[in-house]
Amino acid sequence: MATTARRGPYFCGIDAAMDVVAGKWKSLILWELHHHGTRRFAELRRGLPGVSEKMLIQHLREMEEDGLVHREVYREVPPKVEYSLTEHGVSLNAALASLGKWGAERIRRIGAEKVSGEVAATARLTPSRQRTPRRSPRSRAAAEASTETE
């Protein structure tokens with residue numbers, strides 16, 4: 001599966017940054033590698049409850065292509081592969097720190113539930129905890145119009 005590197009054009013720096021971290025799991029992969037250091041694939045998967053194997057592989061490949069993650073393959077049986085942050089990935093994580101502080105304040109302000117480390121390490125997200133897709137303003141307006149006419 002060949003992918004092409006994302007190289008713009010971009011409207012602004014935020015657009016370029018979001019191009020690299022877009023995706024539900026990328027920021028969490030960055031966090032996991034930052035807080036736990038070098039991780040094997042299975043360790044990453046256990047640390048990110050709810051991520052499918054396919055999505056984790058896809059995001060790790062994209063992050064490697066973008067220079068955020070280093071993939072080290074050890075030639076042994078069974079094969080051993082480890083992932084770690086590159087200097088570029090560490091700098092992106094530092095840039096995301098203020099966003100993380102903002103998010104933590106939001107969790108506190110709205111009284112949202114926060115997944116504990118023990119739960120995150122052992123549990124998979126139940127359907128009630130999974131994010132629901134957000135509707136675009138157009139589809140939301142269409143849904144509202146259909147309920148008004150019923």
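Here, residue 1 is the first one in the sequence, and each next residue gets the next number. Everything numeric in this text was worked out from a predicted model, so none of it was measured.
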Name the atoms and distances for all side-chain donor-acceptor pairs under 3.5 Å in residues 47-54, with sequence neighbours left out.
residue	atom	partner	partner atom	Å
S52	OG	M55	N	3.1

If you look only at distance, which donor and acceptor atoms sit under 3.5 Å apart when one is on a side chain in residues 94-102 and the other is two or more places apart or in another chain?
none

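Using a 4.5 Å heavy-atom threshold, the side chains of R61 and H59 count as separate. At a threshold of 4.5 Å between non-hydrogen side-chain atoms, the residues V81 and R40 do not count as touching. The side-chain heavy atoms of M63 and L30, taken from C-beta on, include a pair separated by under 4.5 Å.
At a threshold of 4.5 Å between side-chain heavy atoms, the hydrophobic network of Ile, Leu, Val, Met, Phe, Trp and Tyr places L44 and W31 in two separate groups. Clustering ILVMFWY residues whenever any of their side-chain heavy atoms sit less than 4.5 angstrom apart, transitively, puts Y74 in a cluster other than the one holding Y83.
Annotation: the span from L85 atom CG to H35 atom NE2 amounts to 10.0 Å, rounded to 0.5 Å. Here the CZ-CH2 distance, from R45 to W25, works out to 10.0 Å after rounding to the nearest 0.5 Å. We find the OG-CG distance between S84 and L68 to be 11.5 Å, quoted to the nearest 0.5 Å. Within the model, atoms CG of L60 and NZ of K26 stand 10.0 Å from one another, a figure rounded to the nearest 0.5 Å. Of the inter-residue distances, the one linking E82 atom CD with L33 atom CG reads 11.0 Å to the nearest 0.5 angstrom. Going from atom NE2 of H34 over to atom CG of L28 covers 14.0 Å, rounded to the nearest 0.5 Å.
Listed by chain and number, the residues in a side chain to side chain contact (heavy atoms under 4.5 Å, CB included) with E64 are R71 (sequence neighbours excluded). With sequence neighbours excluded, the residues that form a side chain to side chain contact (heavy atoms under 4.5 Å, CB included) with F11 are D15. R109 meets the side chain to side chain contact (heavy atoms under 4.5 Å, CB included) test with E105, R106; sequence neighbours excluded. Checked against salt bridge (charged side-chain N to carboxylate O under 4.0 Å, His left out), E43 has no partners two or more places apart in sequence or in another chain.
E87 CD: 12 or fewer foreign heavy atoms inside a 6.0 Å radius. Other residues, nucleotides and ligands contribute only 12 or fewer heavy atoms inside 6.0 Å of the CD1 atom of I14.
The pair E32-R39 meets the salt-bridge criterion, with a side-chain N (NZ, NE, NH1 or NH2) lying under 4.0 Å from an Asp/Glu carboxylate O.
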